[in-house]
Structures are given as structure tokens and as C-alpha cells.
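Working notes for the structure below.
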Amino acid sequence: MIRDCDRPIGVFDSGIGGLTVAQEITRLLPNEQIVYFGDTARVPYGTKSRESVVRFSRENMNVLLKHGVKLVVIACNTSTSWALGAIRKEFAVPVIGVIEPGARSALKVSRKRSIGVIATASTVASGKYASTIERLAPGAHVVSRACPLFVPLVEEGWLEGKVTESVAREYLAPLRDAEVDTLILGCTHYPLLKTVLQKVMGPGVVLVDSAAETAKEVKFLLEKEGLARSVRRPAHHEFLVSDEPEHFRALAKRFLGHDLPHVRRVNHV
Ligand code: DGL
């Protein structure tokens, strides 16, 4: 029988973007195994209602639990915004989202406590980043902006160039006007646009994403719960998707900079 600590960590996202979070977890915890599930048949979540996002998230949990995971990371900001509370109540495994780690990272570096948040329309509508920051640092000033064109731009590989820069200038204008000193990249795809976003915001603004802080939280929780993997054999990761794997594999190369050898299609249970 496999001991609990030797079970894999589950990570789910609406699609590809959560690989940035999975990568940070493997960097910090190279001994841990990951089962990643990308709901590529139903991506994007960022344009969907709360009700749909909660239902999808619940079904993604069931896929991962079928693979015997010991802890789940919801790498998708939209899922975390709408579903983290419900999922924690409904499932017995520990569940970590990306909003609170992102908010904490921003508060660590923000000098003026004036923080911008860019995210999908659904994440911004949830108000979760703003309410979390205000809970952690009462009086902090938060300006949020939905940037729906960024996800398709990243998926097309338009990470730099005139079009992407002009879209970014349009979206980020209110944040520049508000003189935020920190910008949270509140969507799995936005770290890939860092070069353009930094150029538009200027060198005085610190860009923050949740991945590294989320990985630290995973480490902390595994140690606290006695769930860190004890086996010293190389980790084996699994990548699962709900649509055909080829498109995911091609995009994964862009997100990770290397090929993913095994990507398998599975059905929701
Ligand atoms: N993973 C989503 C997020 O972080 C972005 C892509 C989508 O809209 O599904 O919010």
C-alpha cells in the first residue's frame, strides 16, 4: 500500500497556464510527484459564471482524487476566486489556491500599499484579490482591471510586439494613472507577458505572480501535515487533459520552454 506521504500532489487549471505553478512546485520540491489536470475541453474559465466555475472545479477535484492525490493546488485564479471556499468545505484533502499567496507576495514588496491587480473578467468580478488584500492589510489601496485579450494573445504566442504592447497600454492606463507601485499578475497566463507589462508600467512598478509563493505554501503544508514524500526515487509527473493532448503539448512548450513527453486525455467522472 502507498503511504499518504508518497502520493502525488494534484494541480488543476482550466488549461495550460497552471503549468507555471506546477513548475515552481517541482523547482522547490523536486522530490514530489505531480498529477496535473488541465480542463482543456472547457477552457477558458475567465469568461464563465461563478456557478459554472464551481461545478467545473468540483469535477476537476474528482479527476485528481481518482489519481490518489494527497493535496490539491488550484492553480487557476478564476477557480480559486469562485470555488476555493466551496471545495475546501466539500473535500477532505488539503486544498491551496493562488489568490492569498499572490496577495501576500504583493504586500511583501509594496512600499505604498497601492496595488494593481490584472486578471480575467470573472476573477475581477469576484473581488477576491481586493478583499484578500484588504483583509491582510486594512487600508491598502487596490485597483483591479480585467484584461480579457491577454489570454488569447499568450496562447497565440504573441508575447511581445506592437499589437500586444498597444493592448497592454490600453488595459494598464488606469493602473498607471492610479500610480500603483506593485502589479499582481492575477492570471496563470500573464507571467509570460512580463517583458511587455514591465515596459508599459515602467521600472518603478514591481510585477508579482503567485507561483513561487504558492509553492512555498505547499511546502509548509506538506511539512505541517507530515505529508512530504519520503521516497528518494526520481519523481514521475503525470499530465492529464480533458481534450486532445496535441494542442496542450504544443502550448506547454511555450509555457515551460521544453517538451512534455506524456500527456493523456481523461474524462471527467
Ligand atoms: N487559468 C485562468 C486563470 O488563471 C486563465 C485562463 C482561463 O480563462 O481559463 O484565471
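Start at 1 and go down the list; that is how both ligands and their atoms are numbered.
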Between S242 and D39, do the side chains contain a donor N or O and an acceptor N or O under 3.5 Å apart? yes
Side chains of S122 and T78: do they bring a donor and an acceptor to under 3.5 Å? no
Take the angle between the ring planes of H262 and H236 and call it parallel below 30°, perpendicular above 60°, tilted in between. tilted
Can you label the angle between the H268 ring and the F37 ring as parallel, tilted or perpendicular, going by 30° and 60°? perpendicular
Closest non-hydrogen atom pair between K219 and L29, with its separation: CG-CD2, 3.7 Å
Apply the test ring pair (Phe, Tyr, Trp, His ring centres under 6.0 Å) to residues F150 and Y171: give CA-CA distance (whole Å), side-chain angles for both, the deciding distance (0.1 Å), then the verdict. CA-CA 10 Å; F150 281 169; Y171 280 146; 5.2 Å; yes
Mind listing the N or O contacts between ligand 1 and protein, cut-off under 3.5 Å?
from: ligand 1; atom 1: 1 (N); to: D13; atom 2: OD1; distance (Å): 2.9
from: ligand 1; atom 1: 1 (N); to: S14; atom 2: OG; distance (Å): 3.1
from: ligand 1; atom 1: 1 (N); to: T188; atom 2: OG1; distance (Å): 3.0
from: ligand 1; atom 1: 4 (O); to: N77; atom 2: N; distance (Å): 3.1
from: ligand 1; atom 1: 4 (O); to: N77; atom 2: ND2; distance (Å): 3.1
from: ligand 1; atom 1: 4 (O); to: T188; atom 2: N; distance (Å): 3.0
from: ligand 1; atom 1: 4 (O); to: T188; atom 2: OG1; distance (Å): 3.3
from: ligand 1; atom 1: 8 (O); to: Y45; atom 2: N; distance (Å): 3.4
from: ligand 1; atom 1: 8 (O); to: G46; atom 2: N; distance (Å): 2.8
from: ligand 1; atom 1: 9 (O); to: S14; atom 2: OG; distance (Å): 2.6
from: ligand 1; atom 1: 9 (O); to: Y45; atom 2: N; distance (Å): 2.7
from: ligand 1; atom 1: 10 (O); to: T78; atom 2: N; distance (Å): 3.2
from: ligand 1; atom 1: 10 (O); to: T78; atom 2: OG1; distance (Å): 2.6

